[in-house]
Each structure stands twice: as C-alpha cells, then as structure tokens.
Amino acid sequence: MRRSLPDESATQALAQRLAAKARPGDVLLLHGPLGAGKSTLARAFIRELAQDPALPVPSPTFTLVQSYDTPRGPVFHYDLWRLDGPDALAELGWDEAQDGIVLVEWAERLGPLSPPGALHLTLSHQGTGREIELSGNEKWFDES
C-alpha cells in the first residue's frame, strides 16, 4: 500500500495509527534515504506508545539501540546505519528484543535476520513531501 505524506504532521499521524495496532512481538522495518522521514516516524510512534508527546526520543545512531518502557511493553528502537553487519546484533540484544515491539531504521542492514512477519515501511522523497510504501502482515492494513 502506498500513501502520500505531504508534511511532517501526516508522517506523525500515520505513526500514531500504527502504534495503536502495535503489540509485543511486532517488528517495523524502516527503509529509505537520509532525510526521508524515518526518524520522524519512529519518534511519533514511540511517543504514542509511551503516551507522552513530549518524551525525548534521541536518535540511536551512536548507541545503535534505545529502549523505552511503555504501557504496552518494552519498545526497542534500533538505528543500524553504523552497524558492521547483522552478526553484531547479538551484542545489541536483538534476540531478547523480539519479545517487545521493535522499530528498526536502516533495516536493510539486517540481512538474513529480517523477521518474516515484519511490517516494511519504505519512505521516499516525493516533490516537497514524502511517500511511504507499506508491506507485510495484513493486520497493519485493517482499518477497523
């Protein structure tokens, strides 16, 4: 499914709708070039799950993973931009994180560790806005 995201508020609104459906065991994989909106989407998603619109959500570019306790359970936010390869994920608690909600920026660096039931979100620049393509488990597309 493709959607237009004309501005930052549209990206945040989509993240809030996805957060409403997220449950422990879910994995969201974010793809796209620099500046496409991956961090904006991740921040809004985590803030919605935490029920705190002012929650500081720093980019885990240098720490590689940040975790958050939310009413729905733990959320793990990975940024794999600087990851040497998928083997390095073991040191970052990848296997343990699968029991929570996992959000991954630069998901293409997961290689064979990409979970089969994950939601893939591919963001791209589109004129002055953005576009997103979502693919994966059908639960994410149910409008109920």
Side-chain angles (χ1 to χ4, degrees), residues 1-86 88-89 92-94 96-144:
M1 169 192 331
R2 273 189 198 273
R3 288 192 172 173
S4 174
L5 300 171
D7 54 31
E8 190 170 308
S9 65
T11 302
Q12 292 167 341
L14 174 62
Q16 291 165 347
R17 287 192 304 276
L18 292 171
K21 294 176 183 250
R23 300 290 178 266
D26 287 337
V27 178
L28 288 82
L29 303 177
L30 305 177
H31 308 271
L34 283 170
K38 296 181 298 295
S39 294
T40 298
L41 192 142
R43 282 187 184 102
F45 181 86
I46 292 166
R47 287 175 177 150
E48 183 71 16
L49 283 172
Q51 300 174 354
D52 182 353
L55 178 72
V57 181
S59 173
T61 300
F62 294 104
T63 59
L64 301 179
V65 64
Q66 291 282 132
S67 61
Y68 301 88
D69 290 320
T70 74
R72 200 139 339 123
V75 175
F76 299 90
H77 180 197
Y78 287 85
D79 183 325
L80 305 183
W81 174 252
R82 297 181 329 111
L83 191 72
D84 291 334
L89 279 171
L92 299 174
W94 179 253
E96 296 82 10
Q98 303 304 301
D99 292 333
I101 298 170
V102 179
L103 189 66
V104 181
E105 295 186 52
W106 301 102
E108 56 276 4
R109 295 176 186 243
L110 282 173
L113 295 179
S114 181
L119 174 65
H120 291 265
L121 301 101
T122 303
L123 291 115
S124 60
H125 300 281
Q126 189 70 17
T128 59
R130 298 178 177 126
E131 186 174 87
I132 189 166
E133 182 175 345
L134 298 95
S135 62
N137 187 317
E138 291 186 20
K139 88 166 194 169
W140 299 102
F141 307 109
D142 179 13
E143 295 297 328
S144 59

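Residue indices begin at 1 and follow the sequence shown.
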Find the distance between [atom1] ([X]) and [atom2] ([Y]) and round it off to the nearest 0.5 Å.
{"X": "L64", "Y": "S59", "atom1": "CG", "atom2": "OG", "result": "10.0 Å"}
{"X": "S4", "Y": "L14", "atom1": "OG", "atom2": "CG", "result": "11.5 Å"}
{"X": "L103", "Y": "F45", "atom1": "CG", "atom2": "CZ", "result": "6.0 Å"}
{"X": "Q16", "Y": "T11", "atom1": "CD", "atom2": "OG1", "result": "11.0 Å"}
{"X": "K38", "Y": "W106", "atom1": "NZ", "atom2": "CH2", "result": "4.0 Å"}

Return the set of residues passing salt bridge (Lys or Arg N to Asp or Glu O under 4.0 Å) with E96 (not counting sequence neighbours), or none when no residue passes. none
Do the non-hydrogen side-chain atoms of [X] and [Y] ever get within less than 4.5 Å of each other?
{"X": "W81", "Y": "R109", "answer": "yes"}
{"X": "L119", "Y": "L134", "answer": "yes"}
{"X": "L89", "Y": "L80", "answer": "yes"}
{"X": "L123", "Y": "E131", "answer": "no"}

Mind listing the side-chain donor-acceptor pairs of residues 26-34 below 3.5 Å, one per line with the distance, residues two or more places apart or on another chain?
| residue | atom | partner | partner atom | Å |
| --- | --- | --- | --- | --- |
| D26 | OD1 | K139 | NZ | 3.3 |
| D26 | OD2 | R23 | N | 2.7 |
| D26 | OD2 | K139 | NZ | 2.6 |
| H31 | ND1 | E108 | OE1 | 3.2 |
| H31 | NE2 | H120 | ND1 | 3.0 |

With distance as the sole criterion, is a donor-acceptor pair present between the side chains of H77 and E105 under 3.5 Å? yes
Check the side chains of Q12 and E8 for a donor-acceptor pair under 3.5 angstrom, ignoring hydrogens and angles. yes
Would you check if the side chain of Y68 reaches a backbone N or O of L49 as a donor-acceptor pair within less than 3.5 Å? no
Side chain of R3, backbone of I132: donor and acceptor closer than 3.5 Å? no
Mind checking what makes side chain to side chain donor-acceptor pair (under 3.5 Å) contact with T63, not counting sequence neighbours? Q66
Applying side chain to side chain donor-acceptor pair (under 3.5 Å), name anything that partners Q51, two or more places apart in sequence or on another chain.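 Listed in chain order: nothing, the list is empty.
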Write down the atom of A44, the atom of A15, and the distance for their closest heavy-atom approach. CB-CB, 3.6 Å
Taking only residues at least two apart or on different chains, which pairs with a member in residues 63-73 satisfy salt bridge (charged side-chain N to carboxylate O under 4.0 Å, His left out)? none
Show every salt bridge (charged side-chain N to carboxylate O under 4.0 Å, His left out) that has at least one partner inside residues 44-66, sequence neighbours left out. none
Would the Y78 and W94 ring centres measure less than 6.0 Å apart?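 Yes: the rings meet the under 6.0 Å criterion.
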Charged N to carboxylate O under 4.0 angstrom, E133 versus R2?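 Between R2 and E133 there is a salt bridge, with a charged N closer than 4.0 Å to a carboxylate O.
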